[in-house]
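Working notes, structure below.
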Amino acid sequence: MFLRRIQRALSGRVLLREETLRLSLATLLSGGHLLLEDVPGTGKTTFAKALARVLGLSFSRIQMTPDLLPQDLTGLYLYREGNLVWQKGPIFAQVLLVDELNRATPRTQSALLEAMGEGQVTLEGKTHPLPEPFFVLATQNPVEEEGTYPLPVAQRDRFTARLSLGYPDEKALLQAMKEKDPLEGLEAVTQGEELLALRQEVRRVKVAEELLDYLLALSTWLRTREEVRLGPSPRALLQVERLAQALALLQGRTFTVPEDIKEAFRAAIPHRLLLKLEAELAGASSEGLVAEALKVVPTPVERA
Amino acid sequence: MGFPLALGVGLLHGAKALYPQGFLWLAFLPGLLHALASPFPSWLQGWALTSGLLLLYGLFLATKARPLSSLFLLPPALWLGPLGLFLLGLLHGFSLLEEAHRRAQERGEPFRTSASTLWVPGILGLLLLGLAFLPLPLPSLPLPTLPSLSLQASPKAKPNPGEEVAYQAPKEGFPPWVAFLNRALAYAGPLALLLLLLALLPLLGRGEKLPYRGVHLLPLGLALLALGLFLLYLGTLGGGESAWGTSPSAPMLTPPQEGGPKEAVPGPGRLGEVGIALAGLSALFTLGLLSLLAFLVWRHRGWEEQGAAQGIPAKSSKRFQEALPQDRVRRAYFQALKALKALGLPRMASEGPLEYLERVSLPLPRLREPLEGLTRLYLPVRYGGRTGEEEAERAEAFLKDILRLCSSDASKGPFRAGSS
């Protein structure tokens with residue numbers, strides 16, 4: 001099974017919980033992009049590199065800084081020997097690690113919008129398709145850190161899921177300290193073609209009508225809360241559905257169950273919610289609201 | 001006398017189990033069989049005697065039920081005959097629904113139609129059928145005319161101005177459906193008014209709109225039927241006075257004798273073939289509605305037992321109200337949930353099947369295996385669109401294990417106090 005293969009390959013090398021790996025792979029298979037939010041030093045970059053290697057995909061890394069320009073990502077036309085020569089930017093890779101995304105200015109962050117939404121880059125009136133599968137794995141420090149710019153709403157909505165790696169437990173940490181280089185000897189256990197085929201398979205996973213109703217009920221519950229200024233967008237709900245399908249496929253099922261919807265909702269919605277200032281000051285959080293929605297809205301199961 | 005009595009005894013026994021709230025008024029039905037053997041009005045005496053005996057027997061049977069509430073039906077039923085019985089039956093049906101609604105409100109549950117409402121359309125249909133065939137002891141009504149299909153003008157084809165056209169019945173007599181239709185139309189007027197009143201009562205006479213799931217189709221169907229019949233009745237009044245007298249049991253089917261004096265019959269009604277078509281359509285439509293209603297009630301027959309979901313927000317509770325599952329795997333899972341609830345481990349409204357499995361397995365590890373097996377069978381049936389028939393036996397075997405383990409754990413009672 002795909003998930004087990006990747007797990008075995010990464011076992012002992014990357015400090016990762018099973019749930020995080022499952023959601024990361026589900027995001028990749030759903031055709032979405034992943035936002036990793038954590039304090040520095042928790043293994044975000046190592047995880048991204050290791051993932052790209054075991055997936056057998058081309059990898060590229062951009063370190064975001066406040067003086068980075070959009071062309072530094074997308075590439076540019078250079079004048080050489082009387083001709084305009086197209087110089088590809090680092091964005092032309094299958095796995096793109098955007099490190100510390102929120103250190104770049106909103107202008108540079110926005111350069112990613114077209115690439116993440118449509119899988120292409122347009123420069124000087126010419127459209128350049130990105131390689132498939134195209135997977136953006138961005139890391140960001142919590143916005144309280146100095147020298148960071150909060151992500152624009154449109155940018156946040158492009159990320160299917162936001163995850164936090166968290167600190168590993170002592171046993172895993174000890175194991176990591178013994179390893180000299182976690183990426184050494186790490187080999188690909190799959191290829192891009194398999195990933196593309198799995199993406200097609202994800203679309204065929206059945207989502208029962210009542211589970212879609214359940215998803216809508218969750219979304220309506222959030223939108224009608226007083227604390228919420230901006231609720232989940234239609235794009236967000238579509239991505240939750242696709243993510244739930246991918247989660248079901250990774251578990252070896254051809255249909256989704258309420259737990260898939262819940263897990264996908266928990267990963268895909270909090271970073272898109274905008275709360276009212278007074279609610280935030282009163283201590284409300286988007287994660288708390290999502291957890292409450294999942295606790296209150298009934299699941300479509302037999303009732304005894 | 002013997003056959004209706006025997007039939008009535010059987011009917012009362014059967015109905016008592018299914019319909020304890022008001023089975024006694026079914027005592028009035030078997031006596032109607034006398035009408036098949038005796039002419040009016042002598043059958044009425046047989047009907048009253050049979051009904052009285054069956055009523056006494058029913059009272060004897062129903063010492064623990066609530067038979068007295070049905071006794072008030074006797075005098076009006078005897079006075080009005082089958083029509084009265086029909087109307088009172090209808091009222092009784094609505095009163096049953098009212099009571100079920102009240103009970104549900106007392107328990108704080110959403111009202112759901114109980115299986116006993118099946119009796120309402122069933123008996124209503126039977127009585128409507130009976131009304132069309134039986135001569136009713138009602139005061140004289142203006143009888144409608146026959147449709148013009150079977151009538152032929154007399155040889156004097158072109159009458160002088162002011163002279164009435166004489167029609168005669170065909171030699172071979174009228175087909176049977178003409179008598180049926182004629183008799184049904186004869187009572188359409190008062191019946192239509194009464195039905196309209198009854199139909200409007202549940203729609204207008206309460207604070208909340210259409211509280212009954214499915215049953216609101218009944219007054220709608222009746223109102224449409226009544227309207228159709230009433231229109232037909234008005235339409236057929238235009239033909240003039242009947243030549244058959246005021247009694248519907250007059251010999252209207254007798255063809256004129258060969259060579260005898262020609263029987264004068266009224267002219268064709270204003271609706272004619274259109275009326276027949278309307279009557280047919282109306283009957284078909286009503287039959288369809290009643291069948292649909294019966295199907296809906298049958299499909300949702302477990303709702304009352306199932307109870308309401310806990311902690312559901314008002315907005316979403318309507319969307320997720322569910323029936324007792326028809327599929328065997330789903331039913332097995334439902335029964336397992338009931339057993340675990342009785343043990344003090346109810347599934348929370350927001351819990352998914354896999355989350356519930358994990359939670360239940362912690363305090364009851366012995367249950368994990370059968371519950372996991374049942375959950376694995378349940379998931380593809382519920383969410384994967386599979387039918388569970390091929391896995392039903394396995395699911396029921398898992399259910400047996402769960403019930404057995406639950407009953408052994410129930411004697412210890414560790415979860416009753418602190419149910420989640």
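Within every chain, numbering begins at 1; the chains are lettered A, B, ... in the order of the sequence lines, protein sequences first and strands thereafter. As the structure is a computational prediction, the values presented were derived from the model and not from experiment.
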Next item on the list: Evaluate the salt bridge (charged side-chain N to carboxylate O under 4.0 Å, His left out) criterion for residues Glu302(A) and Arg347(B): first the C-alpha distance (whole Å), next the side-chain angles of each, then the deciding distance (0.1 Å), finally the verdict.
Entry: CA-CA 9 Å; Glu302(A) 257 65 36; Arg347(B) 188 188 68 81; over 6 Å; no

Margin query: Walk me through whether Arg386(B) and Phe255(A) qualify under side-chain contact (heavy atoms from CB on, under 4.5 Å).
Written below: CA-CA 10 Å; Arg386(B) 283 185 213 160; Phe255(A) 56 88; 4.3 Å; yes

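Per-residue counts of heavy-atom pairs under 4.5 Å with chain A were compared for Ala339(B), Gly385(B), Pro353(B), Ala336(B); the largest is that of Pro353(B).
Proximity to chain B is limited to the side chain of Leu211(A), based on heavy atoms less than 4.5 angstrom apart. Heavy-atom distances place no part of Gln335(B) under 4.5 Å from chain A, backbone and side chain included.
Between the side chain of Ser350(B) and the backbone N or O of Thr299(A), no donor-acceptor pair lies under 3.5 Å. Glu355(B) contributes no side-chain N or O that, together with a main-chain N or O of Glu259(A), makes up a donor-acceptor pair within less than 3.5 Å.
Annotation for Pro258(A) and Gly352(B): closest pair CB-CA, 4.3 Å, computed over non-hydrogen atoms. Shortest non-hydrogen contact noted between Tyr383(B) and Val301(A) is OH-CG2, 3.4 Å.
Atom CD of Glu194(A) is surrounded by more than 12 heavy atoms from other residues, nucleotides or ligands within 6.0 Å.
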